Amino acid sequence: MTMSSIKIECVLRENCHCGESPVWEEASNSLLFVDIPAKKVCRWDSLSKQVQRVTVDAPVSSVALRQSGGYVATVGTKFCALNWEDQSAVVLATVDKEKKNNRFNDGKVDPAGRYFAGTMAEETAPAVLERRQGSLYSLFPDHHVEKYFDQVDISNGLDWSMDHKIFYYIDSLSYSVDAFDYDLQTGKISNRRSVYKLEKEEQIPDGMCIDVEGKLWVACYNGGRVIRLDPETGKRLQTVKLPVDKTTSCCFGGKDYSEMYVTCARDGLDSKGLLQQPEAGGIFKITGLGVKGIPPYPYTG
């Protein structure tokens, strides 16, 4: 496959302050995503090209499918159930109660239906914040929460290996993609190690997803790219550059999960940067990668 067959297009000029957490919903042929500081959960219909938006009462950092209908989202320091029809959010659990300055960041549902998400201190500027204030949590289907570890700077991308035996995780300011041994039955993680250290020009690792070949795709914030990594060899296999700098996350979707969707941010760009990157904050679609992703897991609680 030649690199020249890759096509990148901005399919939605949403002007997100900080777009994040793209999730494909096959049932509605739609892409879900959030705009964190705008407190919006959005659903873009890929057929009609229409966008629906639901506003919540705090920064919303991730969204996921829910098996029983509707969605779940991380709002402020709360795990919430989101009813799309009446635009209501019901709190399922709250974390970091003693840390008033914290909020959730990225989250994703594991293969057993648990909703993993981590926290961070609220930023004073993009990637400028009080360090080591975050933790990684999981909301189990019975709505109880487990805490895995703390001392996290910016809890970010997460996914699971194809055999469900490894959990991949990014704490952005460590500039590393880490792996843990993963027990699907209990949701326990152990034996943390780094599988890839980012190069200087790759900047800050942000959101992440896995493809059917077990390779990881990482969006590089300030790096204007997504990179494909082999977690077994620690080698970068591919770099796909986008026309925006602040690429935040990625997921596979579309017909048979062969398209990649990438979110990005406008916040942190000055007026010159915004002129140079008019599509900043939009939703990008990458086709021709020659590899497929897997459907997102729904939260089972």
Side-chain angles (χ1 to χ4, degrees), residues 8-24 31-42 44 59-64 73-74 103-108 116-120 122-123 125-129 134 152-159 168-177 198 201-210 216-229 239-253 259-269 273-274 277-286 293 296:
I8 301 165
E9 56 180 319
C10 182
V11 290
L12 178 65
R13 287 185 68 158
E14 181 69 8
N15 291 339
C16 289
H17 292 282
C18 183
E20 261 286 3
S21 185
V23 179
W24 186 257
L31 185 77
L32 293 155
F33 61 95
V34 302
D35 184 347
I36 301 180
K39 307 176 183 175
K40 282 185 171 63
V41 182
C42 307
W44 174 72
V60 53
S61 59
S62 74
V63 62
T74 47
R103 67 161 173 84
F104 268 118
N105 200 39
D106 209 352
K108 191 170 281 182
F116 276 64
T119 57
M120 59 184 280
E122 190 62 83
E123 295 163 301
V128 180
L129 71 164
V152 173
D153 285 325
I154 300 178
S155 191
N156 238 320
L158 49 180
D159 218 330
Y168 297 107
Y169 175 73
I170 291 168
D171 179 351
S172 286
L173 297 188
S174 71
Y175 298 92
S176 171
V177 179
L198 274 83
E201 75 276 6
E202 291 168 346
Q203 297 282 345
I204 303 173
D206 201 328
M208 169 169 62
C209 67
I210 199 161
L216 301 173
W217 293 82
V218 179
C220 299
Y221 184 85
N222 283 344
R225 66 192 70 188
V226 289
I227 54 175
R228 187 182 192 222
L229 312 174
T239 299
V240 180
K241 293 196 174 167
L242 285 91
V244 289
D245 285 341
K246 297 186 180 293
T247 37
T248 54
S249 194
C250 51
C251 79
F252 284 93
E259 303 166 347
M260 176 173 280
Y261 289 90
V262 181
T263 51
C264 63
R266 284 172 76 77
D267 282 5
L269 287 169
L274 288 169
Q277 303 172 36
E279 297 167 328
I283 303 292
F284 288 83
K285 179 169 86 168
I286 306 174

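Nothing here was measured: the structure is a model prediction, and the numbers come from that model.
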_Taking every non-hydrogen atom, the tightest pair across G281 and C264_ = N-SG, 3.1 Å
*How about I36 and H17: do any of their side-chain heavy atoms sit closer than 4.5 Å?*
no
*Tell me, please, which residues at least two apart from F104 pass ring pair (Phe, Tyr, Trp, His ring centres under 6.0 Å).*
F79
*Hey, is the main chain of D245 close enough, under 3.5 Å, to the side chain of Q277 for a donor-acceptor pair?*
yes
*Test Y175 against I204 for side-chain contact (heavy atoms from CB on, under 4.5 Å), laying out the working first.*
CA-CA 6 Å; Y175 298 92; I204 303 173; 3.8 Å; yes
*Short question: side chain of D35, backbone of C18 - any donor-acceptor pair under 3.5 Å?*
yes
_Side chains of K108 and M208 in contact at under 4.5 Å (non-hydrogen atoms)_ = no
_Give me the atom names and distance for the closest heavy-atom approach of C10 to G282._
SG-CA, 4.2 Å
*asked:* Test side-chain contact (heavy atoms from CB on, under 4.5 Å) on L129 and L173; report intermediate values, then the result.
replied: CA-CA 11 Å; L129 71 164; L173 297 188; 3.9 Å; yes
_Working for side-chain contact (heavy atoms from CB on, under 4.5 Å), residues V23 and C251_ = CA-CA 6 Å; V23 179; C251 79; 5.6 Å; no
*Do N156 and Y221 touch side chain to side chain, with heavy atoms closer than 4.5 Å?*
no
_Has N222 got a side-chain atom pairing as donor or acceptor with K246's backbone, closer than 3.5 angstrom?_
no
_Gap separating the CZ atom of F252 from the CD1 atom of I286, nearest 0.5 angstrom_ = 8.5 Å
*Closest contact, heavy atoms only, V218 versus I170*: CG1-CD1, 3.8 Å
*asked:* Restricting to side chain to side chain donor-acceptor pair (under 3.5 Å), what partner residues turn up for S21, sequence neighbours left out?
replied: none
_Close side-chain approach of D206 to E20, heavy-atom, < 4.5 Å_ = yes
*asked:* Strictly distance-based, threshold 3.5 Å: is any side-chain N or O of S172 a donor or acceptor partner for the main-chain N or O of P205?
replied: yes
*Please name all residues satisfying salt bridge (charged side-chain N to carboxylate O under 4.0 Å, His left out) with E14, sequence neighbours left out, ordered by chain then number.*
R53
*For M260 and C209, which heavy atoms make the closest approach, and how far apart are they?*
CE-SG, 4.1 Å
*If we only count heavy atoms from C-beta on, is the F284 to V240 side-chain gap below 4.5 Å?*
no
*Minimum side-chain heavy-atom gap D267-P37 below 4.5 Å*: yes
_Side chain to side chain, V152 and Y169, heavy atoms closer than 4.5 Å_ = yes
_Y261: which residues meet the ring pair (Phe, Tyr, Trp, His ring centres under 6.0 Å) condition with it, sequence neighbours left out?_
W24
*Exercise: do T263 and S249 side chains pair donor with acceptor under 3.5 Å*: no
_Which residues share a salt bridge (charged side-chain N to carboxylate O under 4.0 Å, His left out) with D153, sequence neighbours left out_ = R131
*Got a donor-acceptor contact below 3.5 angstrom from the S61 side chain to the N105 backbone?*
yes
*Ignoring hydrogens and geometry, is there a side-chain-to-backbone donor-acceptor pair from T247 to A219 under 3.5 Å?*
no
*Shortest non-hydrogen separation from V226 to V262 and the atoms involved*: CG1-CG2, 4.2 Å
*Contact summary for S62 and T74, nearest pair of heavy atoms*: OG-OG1, 2.7 Å
_R103: partners by salt bridge (charged side-chain N to carboxylate O under 4.0 Å, His left out), with sequence neighbours left out_ = E122, E123
